[in-house]
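Hydrogens, waters and symmetry mates are skipped; everything else that's a heavy atom, side chains included, is used.
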Amino acid sequence: MGIYLNPGNGKFKKACNSAIYIDKTGLIELTNEVMDTEQNCICISRPRRFGKSMAANMLAAYYEKECDSRELFDKYKIAEKESYRENLNQYNVIVLNIQNFVSVVSSTDELIAYIQSEILEELKEHFKDKIPEQEKFLSMALDKLYSKTGEGFVFIIDEWDCILREKKYTPEDHRKYLDFIRNLLKDRVYVSLAYMTGILPIKKYGTHSALNMFDEYSMTDPGDYAEYIGFTEEEVEDLCSQYHVDFEKEKEWYDGYVFSHDLHIYNPKSVVDSIRRKKIANYWTQTETYEALREYVDADFDGLKTAVVQMLSGNKHKVNTRTFQNDMTTFKSKDDILTLLIHLGYLAYSDETESVYIPNAEIQEEFKNAVEGSNWAEVIKLMQISEKLLQLTWNEEAQKVAEIIDQVHSANTSILTYNDENALSCVISLAYYNAINEYTKIREFPTGKGFADIVYIPRKHSDKPAMVIELKYNHSAEGAIAQIKEKRYVESLKEYHGNLLLVGINYKKDTKKHTCVIEKYEKE
């Protein structure tokens, strides 16, 4: 057993022995499918604490030929697959956690030399007389070794992108490092499988990738690997049932990353900690201070503040993810910042609409902290008056509600400009920001005869009334209430048995004033 060459299955065994372990061995079936093919290089990026290292340790335990992992895997999903026995413990495995190397070197040249010397030392010790003692280049040593043994290697590289995330490294450092990885893995007959995992997608040079032999899967395009990014909704539901935890609270706080076929992915770090401690809290965001997010939120790019305000209000924002250069220093627009925040896990991405949004309550709190720690005085003031606005709405004080919304609009004209009902919706949602503590908010709530603009449905613990809010631009608040009734929006809330408020809000462009009508709806 070595440190890098065939390190054993102990790390994965610890994961299996943990109080909460979710079977993700289905990932192995996907890697088995590309073993010894031209598609045998896979790069998967996902946020920190989303199980990257666990997956790497699992693959190492499964493939390594110098340990017996049958007892570990026989009880899991992969054991049902045809490829299970064929590949179990059949390969020499080289495992690299690049972060461990980066932490003890001061330059890229040192990093590359250190990686090569450490692995060469183990290879020469293990494969005596098959590698010349004077050989100093890892790729050449592996070529010579393969020519004598015919045995391929599985490479598992964890935290591969850490030097791209550390500011002390220059673009030239990045180039040297990526060239080293390319030389080690590209078109090498000794590579049976290469599995890399990190946070950022592969760095580009201009429009080209330095590591174009890799099939990439990321938070913007996870493909078949989506269910292995985190916990699926079904897995979280099963855990909640097993440990007698409120699933709806878990969903509210940790759901929100939604991929194709309506696949919902949960933050595994937060789910495990909340179930173990029987308490909902900001577990994932506690692993890094809010200043890390604030640094990007405060970036001086046109439109970034508008985008953040829109997302704070519960709306999505259109983004172009294709300009991002896959590092943490090369930013040319707000879209580059927003794309980075997708890969860091602070934002979720909708491939269908090509837009970003804040995924859940845990991260909503983190954005709120970041904004309050910045110089966004107008937004902070808005958040402070939001609770008062809610109370006035519950009290049906329509005139005062309209006056506060006027204040909200005036305070944020530098960020958001009214031009239609969508812009109005954003300001109204932001004005009711504190409603997230009592309600589930649904924009464009589907009804039998159309869509209600905004519906607030009380959470289980809340005794507040549901609210149906209809917005009008250059019409009348009375017309908004009439539309709610005429199109029978409330019928879609027939399962809700509590009090219900109908709220109509109109904005007049010529007077720059809002009007409001609030009615209590009496169920028949």
Side-chain angles (χ1 to χ4, degrees), residues 4 7 9-16 18 20-31 41-64 78 93-103 154-166 177 181 185 193-203 211 214-232 235 254 257 259 265-273 283-288 292 326-328 340-349 359:
Y4 312 105
N9 57 21
K11 290 182 178 179
F12 181 59
K13 189 178 293 184
K14 284 186 176 181
C16 296
S18 299
I20 296 176
Y21 169 75
I22 296 293
D23 180 3
K24 291 292 185 179
T25 58
L27 171 66
I28 298 170
E29 178 67 5
L30 295 178
T31 55
C41 291
I42 302 164
C43 182
I44 298 181
S45 59
R46 48 181 152 167
R48 59 188 171 81
R49 308 305 295 272
F50 266 65
K52 294 187 299 295
S53 296
M54 192 285 292
N57 294 335
M58 176 183 71
L59 292 174
Y62 173 75
Y63 286 116
E64 187 196 316
I78 185 60
V93 175
I94 292 176
V95 179
L96 302 175
N97 186 319
I98 302 300
Q99 184 66 60
N100 293 340
F101 291 95
V102 167
S103 64
V154 169
F155 290 81
I156 298 172
I157 306 177
D158 194 14
E159 300 286 357
W160 80 272
D161 61 331
C162 60
I163 79 162
L164 307 180
R165 294 184 270 116
E166 296 213 4
Y177 172 67
I181 297 293
L185 300 177
L193 175 72
Y195 178 92
M196 292 203 317
T197 184
I199 292 176
L200 299 177
I202 291 172
K203 173 70 177 173
L211 303 179
F214 277 91
D215 284 336
E216 283 197 82
Y217 303 91
S218 70
M219 293 299 284
T220 57
D221 185 14
D224 291 340
Y225 292 82
E227 66 178 286
Y228 305 108
I229 286 176
F231 290 170
T232 66
E235 289 165 346
Y254 309 125
Y257 305 94
F259 300 111
I265 294 297
Y266 288 62
N267 182 321
K269 160 70 175 171
S270 296
V271 169
V272 168
D273 283 356
Y283 296 109
W284 179 69
T285 55
Q286 283 177 0
T287 63
E288 188 168 308
N326 299 346
D327 62 37
M328 299 180 75
L340 173 62
L341 293 178
I342 296 169
H343 294 297
L344 294 178
Y346 287 110
L347 293 176
Y349 178 72

Discussion item. Before you tell me yes or no, could you show the steps for Ile78 and Glu29 under side-chain contact (heavy atoms from CB on, under 4.5 Å), namely the whole-Å CA-CA distance, both residues' side-chain angles and the distance that decides it to 0.1 Å?
Written reply: CA-CA 7 Å; Ile78 185 60; Glu29 178 67 5; 4.0 Å; yes
Item to complete: Among Met196, Lys52, Gln99, find the residue that satisfies the side-chain contact (heavy atoms from CB on, under 4.5 Å) test when tested with Trp160.
Response: Met196
Practice prompt. Quick one: list whatever passes ring-ring contact (aromatic ring centres under 6.0 Å, His included) with Tyr254, sequence neighbours left out.
Written response: none
Discussion item. With a 4.5 Å cut-off on side-chain heavy atoms, are Met58 and Ile28 touching?
Written reply: yes
Item to complete: Determine, stepwise, if the pair Val154 / Leu59 fulfils side-chain contact (heavy atoms from CB on, under 4.5 Å).
Response: CA-CA 9 Å; Val154 169; Leu59 292 174; over 6 Å; no
Fill in: Met219 and Tyr257: CA distance, side-chain angles, deciding distance, side-chain contact (heavy atoms from CB on, under 4.5 Å) verdict
CA-CA 9 Å; Met219 293 299 284; Tyr257 305 94; 3.8 Å; yes
If the condition is side chain to side chain contact (heavy atoms under 4.5 Å, CB included), which residues does [X] pass it with, not counting sequence neighbours?
X: Ala55; value: Leu27, Arg46, Tyr195
X: Asp215; value: Gln39, Tyr217
X: Cys16; value: Phe12, Tyr21, Leu72, Tyr76

Practice prompt. Kindly state each residue pair satisfying salt bridge (Lys or Arg N to Asp or Glu O under 4.0 Å) with at least one member in residues 155-164, sequence neighbours excluded.
Written response: Glu159-Arg165, Asp161-Arg165
Distance in Å, [X] [atom1] paired with [Y] [atom2], rounded so as to fall on 0.5 Å steps:
X: Trp284; Y: Arg49; atom1: CH2; atom2: CZ; result: 11.0 Å
X: Tyr177; Y: Cys162; atom1: OH; atom2: SG; result: 6.0 Å
X: Asn326; Y: Leu164; atom1: CG; atom2: CG; result: 8.5 Å
X: Leu185; Y: Leu193; atom1: CG; atom2: CG; result: 10.0 Å
X: Ile98; Y: Ile157; atom1: CD1; atom2: CD1; result: 6.0 Å

Considering all heavy atoms, the nearest [X]-[Y] contact:
X: Asp327; Y: Leu200; value: CA-CD1, 3.8 Å
X: Pro201; Y: His343; value: CG-CE1, 3.3 Å
X: Tyr346; Y: Pro359; value: O-CD, 3.6 Å
X: Ser270; Y: Tyr283; value: O-CD1, 3.8 Å
X: Pro222; Y: Phe259; value: CG-CD2, 3.4 Å
X: Glu166; Y: Val102; value: OE2-CG1, 3.8 Å

Worksheet item: Do Tyr63 and Thr31 have side-chain atoms, one donor and one acceptor, less than 3.5 Å apart?
Response: yes
Using the side chain to side chain donor-acceptor pair (under 3.5 Å) criterion, which residues pair with [X]? Sequence neighbours excluded.
X: Asp23; result: Thr25
X: Thr197; result: none
X: Tyr266; result: Glu233
X: Ser45; result: none

Identify every side-chain donor-acceptor pair in residues 225-232 under 3.5 Å, counting partners at least two apart or on other chains, and give the distances.
unit_1, atom_1, unit_2, atom_2, d
Tyr228, OH, Gly26, O, 3.4
Thr232, OG1, Glu235, N, 3.2
Thr232, OG1, Glu235, OE1, 3.3

Item to complete: Could you walk me through whether Val93 and Ile156 pass side-chain contact (heavy atoms from CB on, under 4.5 Å), step by step?
Response: CA-CA 7 Å; Val93 175; Ile156 298 172; 4.0 Å; yes
